[in-house]
Amino acid sequence: MITVLAGGVGASRFLQGLQQVVDPAAISVISNTGDDVEMFGLHISPDTDIVLYALAGAVNPETGWGLTGDTFAVVDQLQRFGYERWFNLGDRDLAMAIHRTRLLRTGVPMHEVVAGLARDWGLTCTVLPMTNEPVQTMITGPDGELAFQEYMVKLRTELDVRSIRFAGIEAAKPGPGVIESLADAEMVILAPSNPFVSIGPILGVPGVRAALETTKAVRVAISPIIAGQVVKGPAAKMMTTLGYEVSALGVAKIYDGLVDLFVLDQQDRDLAPKVEALGMRTLVTDTMMTSMERKAELAREVVAAARGAR
Ligand code: GDP
């Protein structure tokens, strides 16, 4: 089994490649629910849904989130009734949220909801929410604290992040299957996701970090930072304001003690000796996942290097 800790867009690009090069039934994805949000009375799980859509081949390739060809009639109509329009939820995306919310309200636990959705999308891999309990990523900026989606979508990340907290995490238990998927895996891959708000909440669920520290699996991380920049999203800005060096080396330091093999982009070749000095092996390759072929090739290289690192 190959277990992947996943956020949204960066993770799902990698997963699209991985499912081409290994049997999808052997893939377990632990998905971040820290950026789940309630909108219009509905439970929205942005990262989990990006992963489901991407693995099903239905994700909008231009945005990396939402469904290809989706329309926005419902949120447009809601705006006429005075609702805020900042959260772009497509009509078919909304159907997922209605279905999920209905099941949660009838008492179905989140892991069963997600397993059902994965089946409905025809997936054979396992998608595990990190926890069934509510955890909410909160961002503190210069003027106080706000929920992650407000920072990410409403403010378009135009805010200096001073600190990040995961409300509810102390009381959260790893979702059913999460610890087993770490303990029993052949390899565990930290996807090229935001280390603070995508991988961070997963590692913050009590027991998860310890399971990663003690697993016999080869542990791999892929840098989401290439040549000192993000491909997309606020990770680099967060690294700056939170006091980290904005580079693949900075990411490797965040994962120190949790990773055996660190994957850096070829543009960051010069950083490899410094990453190795932290006690990790390195794989230097083209990590820019610009095409389906490149996604598959990267996944093939990562899996081969991890097997070689045993
Ligand atoms: P989010 O929750 O939707 O923001 O998605 P993730 O946390 O999974 O991914 C965001 C991270 O993915 C960003 O820091 C990006 O730099 C990184 N990313 C996106 N595409 C690529 C890519 O093609 N290669 C690499 N190495 N990183 C990528």
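Numbering of ligands and ligand atoms starts at 1, following listing order.
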Tell me whether D268 contacts the main-chain N or O of A248 through its side chain, where contact means a donor paired with an acceptor under 3.5 Å.
no
Side chain to side chain, V251 and Y244, heavy atoms closer than 4.5 Å
no
Taking only residues two or more places apart in sequence, or in another chain, which ones meet F87 in a ring pair (Phe, Tyr, Trp, His ring centres under 6.0 Å)?
none
Does the plane of the ring in F81 sit parallel, tilted or perpendicular to the ring in Y83? Use 30° and 60° as the thresholds.
perpendicular
Solution key, residues 94-104 side-chain donor-acceptor pairs under 3.5 Å, sequence neighbours excluded:
{"from": "R100", "atom 1": "NE", "to": "S45", "atom 2": "OG", "distance (Å)": "3.3"}
{"from": "R100", "atom 1": "NH1", "to": "D49", "atom 2": "OD1", "distance (Å)": "3.4"}
{"from": "R100", "atom 1": "NH1", "to": "D49", "atom 2": "OD2", "distance (Å)": "3.1"}
{"from": "R100", "atom 1": "NH2", "to": "D49", "atom 2": "OD1", "distance (Å)": "2.7"}
{"from": "T101", "atom 1": "OG1", "to": "H43", "atom 2": "N", "distance (Å)": "2.8"}
{"from": "T101", "atom 1": "OG1", "to": "A97", "atom 2": "O", "distance (Å)": "2.5"}

Give every pair made of an N or O atom of ligand 1 and a protein N or O atom lying under 3.5 Å apart, one pair per line with both atom names and the distance to 0.1 Å, or write 'none'.
{"from": "ligand 1", "atom 1": "2 (O)", "to": "G8", "atom 2": "N", "distance (Å)": "3.2"}
{"from": "ligand 1", "atom 1": "2 (O)", "to": "D47", "atom 2": "OD1", "distance (Å)": "3.1"}
{"from": "ligand 1", "atom 1": "2 (O)", "to": "S198", "atom 2": "OG", "distance (Å)": "3.3"}
{"from": "ligand 1", "atom 1": "3 (O)", "to": "V9", "atom 2": "N", "distance (Å)": "2.9"}
{"from": "ligand 1", "atom 1": "5 (O)", "to": "G8", "atom 2": "N", "distance (Å)": "3.2"}
{"from": "ligand 1", "atom 1": "5 (O)", "to": "V9", "atom 2": "N", "distance (Å)": "2.9"}
{"from": "ligand 1", "atom 1": "7 (O)", "to": "N194", "atom 2": "N", "distance (Å)": "2.8"}
{"from": "ligand 1", "atom 1": "7 (O)", "to": "S198", "atom 2": "OG", "distance (Å)": "2.6"}
{"from": "ligand 1", "atom 1": "8 (O)", "to": "G8", "atom 2": "N", "distance (Å)": "2.8"}
{"from": "ligand 1", "atom 1": "8 (O)", "to": "G10", "atom 2": "N", "distance (Å)": "3.2"}
{"from": "ligand 1", "atom 1": "8 (O)", "to": "A11", "atom 2": "N", "distance (Å)": "3.1"}
{"from": "ligand 1", "atom 1": "8 (O)", "to": "S193", "atom 2": "OG", "distance (Å)": "2.7"}
{"from": "ligand 1", "atom 1": "9 (O)", "to": "G10", "atom 2": "N", "distance (Å)": "3.1"}
{"from": "ligand 1", "atom 1": "12 (O)", "to": "P192", "atom 2": "O", "distance (Å)": "2.8"}
{"from": "ligand 1", "atom 1": "16 (O)", "to": "P224", "atom 2": "O", "distance (Å)": "2.7"}
{"from": "ligand 1", "atom 1": "16 (O)", "to": "V231", "atom 2": "N", "distance (Å)": "2.8"}
{"from": "ligand 1", "atom 1": "20 (N)", "to": "R13", "atom 2": "NH1", "distance (Å)": "2.7"}
{"from": "ligand 1", "atom 1": "23 (O)", "to": "M289", "atom 2": "N", "distance (Å)": "2.8"}
{"from": "ligand 1", "atom 1": "24 (N)", "to": "T287", "atom 2": "O", "distance (Å)": "2.7"}
{"from": "ligand 1", "atom 1": "26 (N)", "to": "S223", "atom 2": "O", "distance (Å)": "2.9"}
{"from": "ligand 1", "atom 1": "26 (N)", "to": "T287", "atom 2": "O", "distance (Å)": "3.4"}
{"from": "ligand 1", "atom 1": "26 (N)", "to": "T287", "atom 2": "OG1", "distance (Å)": "3.4"}

For S181, which residues count as a side chain to side chain donor-acceptor pair (under 3.5 Å) partner, sequence neighbours excluded?
none
